[in-house]
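Notes follow once the structure below has been shown.
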Amino acid sequence: MPELPEVETIARGLARRITGDRVESVWLGAKKEPLKSSPAEIVAVLEHSAILGARRVGKHIVVDLQRGDAGRTPAQWIVHLGMTGRVLVCEVQEPLAKHTHAVVKLASGREIRFVDPRRFGRLSVSSSAAFAAPGVEPLQVPVEEFVALFHGRKTPIKSALLNQSLLSGVGNIYADESLFRAGIRPRRRAASISRMHLKRLHAALRKVLGEAIKLGGSSVSDYVGAGGEEGFFQLRHRVYGREGEPCLVCKTPVKRIVIAGRSSHYCPRCQN
DNA sequence: ACTATTTCCTGGATGC
DNA sequence: TGCATCCAGGAAATAG
């Protein structure tokens, strides 16, 4: 599932491939679920716009545009991949994958395709350059600000990490992996965690996200980069998806519990 | 202002 | 073999 490192990988791959290109035309599928803006609005903003770049904001891919009309005003195309979304830059002759919901034809002759079997992903456009995620970026937030996020929160630390209005971009895999590395049980109430452990969590989260970005993300489920390539961080997972397997530190079997409907993996000996 | 629960969606895995 | 059921989970919506 695409979380911060996967979205970062896709956004970088996308930026490298499409920056400086121009949108010729847009095709949108019949299903309305993936669209947050109206089809007419998406077409109006994208068509004939120049692509200035692509970047990650939280779990969103933001494509910065300059409108092709007389105004040359800034605009943005925002893509959220949900669970199974893919954004691929393809040659036109490549066969259209099942569940393709949008095709953006470029002046260079290639196409950006949005494919999403489960349709949890979302497309939208904005007629400004102001898109911002509500939470703070985990790779940029200073440690004191990070610690303060959890002050007074009774919710389990795992739920707090997944809360996008606190932190932008952390999902199930990296929440579990960072909690393991920090030695904190996922069910611990956020407010009950010592300042020292929260500092440790801040460092662990940065480290795990940084390593995952270096390896191109985790390819579980159907995640691939903008060129269709897989990531390799799934080979470094220490607890996620390892229920019953020995902890890599102490050999105790990894436990799986459900928190807020999400499976959560931890070592009952290393995490307290 | 928070927190917890439900809902959306399909493919792959599992069970009888 | 075939059909039904379950499960994965990001985030919006809903309820408390």
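Letters A, B, ... mirror the listed sequences (proteins, then strands); counts begin at 1.
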> Does A/Arg262 have any salt bridge (charged side-chain N to carboxylate O under 4.0 Å, His left out) partners at least two apart in sequence or in another chain, and if so, which?
Replying inline: none

> Considering heavy-atom distances to DNA chain B, does A/Lys31 or A/Asn163 have its closest nucleotide positioned more toward the 5' end?
Replying inline: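 Its nearest nucleotide lies further toward 5', so the answer is A/Asn163.
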
>> A/Glu8: which residues meet the side chain to side chain contact (heavy atoms under 4.5 Å, CB included) condition with it, sequence neighbours left out?
In response: A/Arg12, A/Arg56, A/Ile213

>> For A/Arg195, give me all partners under side chain to side chain contact (heavy atoms under 4.5 Å, CB included), at least two apart in sequence or on another chain.
In response: A/Glu144, A/Val147, A/Lys199

>> For the residue pair A/Tyr240 / A/Ser263, report whether a side-chain donor-acceptor contact shorter than 3.5 Å exists.
In response: no

>> Nearest to the A/Met83 side chain among B/dT3, C/dA11, C/dA8, which nucleotide is it?
In response: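 Nearest to the side-chain atoms of A/Met83, counting from C-beta on, is C/dA8.
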
Using whole Å, report how far [atom1] of [X] lies from [atom2] of [N].
X        : N      : atom1 : atom2 : answer
A/Tyr240 : C/dA8  : OH    : P     : 9 Å
A/Asn172 : C/dC7  : CG    : P     : 16 Å
A/His99  : B/dT10 : NE2   : C1'   : 7 Å
A/His80  : C/dG10 : NE2   : C1'   : 6 Å
A/Leu81  : C/dG10 : CG    : P     : 12 Å
A/Lys158 : B/dT3  : NZ    : C1'   : 17 Å
A/Ile157 : B/dC2  : CD1   : C1'   : 15 Å
A/His60  : C/dG10 : NE2   : P     : 13 Å

>> Going by salt bridge (Lys or Arg N to Asp or Glu O under 4.0 Å), name the pairs with one or both residues in residues 16-26 of chain A, residues two or more places apart or in two chains.
In response: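 Counting only pairs at least two positions apart or across chains, the salt bridge (Lys or Arg N to Asp or Glu O under 4.0 Å) contacts touching residues 16-26 of chain A are A/Asp21-A/Arg110.
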
>> How would you summarise protein contacts on nucleotides 4-9 of chain B per nucleotide, using B for base, S for sugar-phosphate only and - for none, with heavy-atom distances below 4.0 Å?
In response: S---BB

> When clusters are formed from ILVMFWY side-chain contacts under 4.5 Å, directly or step by step, what else is grouped with A/Val254?
Replying inline: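 Joined to A/Val254, directly or through intermediates: A/Phe180, A/Val239, A/Val249.
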
> Tracing side-chain links under 4.5 Å among I, L, V, M, F, W and Y, which residues wind up in one group with A/Phe131?
Replying inline: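 Reading the cluster by chain and number, A/Phe131 sits alongside A/Val57, A/Val62, A/Ile78.
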
> To the nearest 10 degrees, what angle separates the axes at the start and end of the helix from B/dC2-C/dG16 to B/dC16-C/dG2, five pairs each?
Replying inline: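 Both end axes considered, the difference amounts to 50°.
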
Which donor-acceptor pairs under 3.5 Å do the side chains of residues 41-53 of chain A make with protein atoms, sequence neighbours left out?
unit_1  : atom_1 : unit_2  : atom_2 : d
A/Glu47 : OE2    : A/Val26 : N      : 3.4
A/Ser49 : OG     : A/Val45 : O      : 2.6

> Under 4.0 Å between a side-chain N/O of A/Lys98 and OP1 or OP2 of B/dG11, yes or no?
Replying inline: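 Indeed, a polar side-chain atom of A/Lys98 lies that close.
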
> Taking NZ, NE, NH1 and NH2 as the nitrogens, is one of them in A/Asp116 or A/Arg86 under 4.0 Å from a carboxylate oxygen of the other?
Replying inline: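 No, this pair does not count.
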
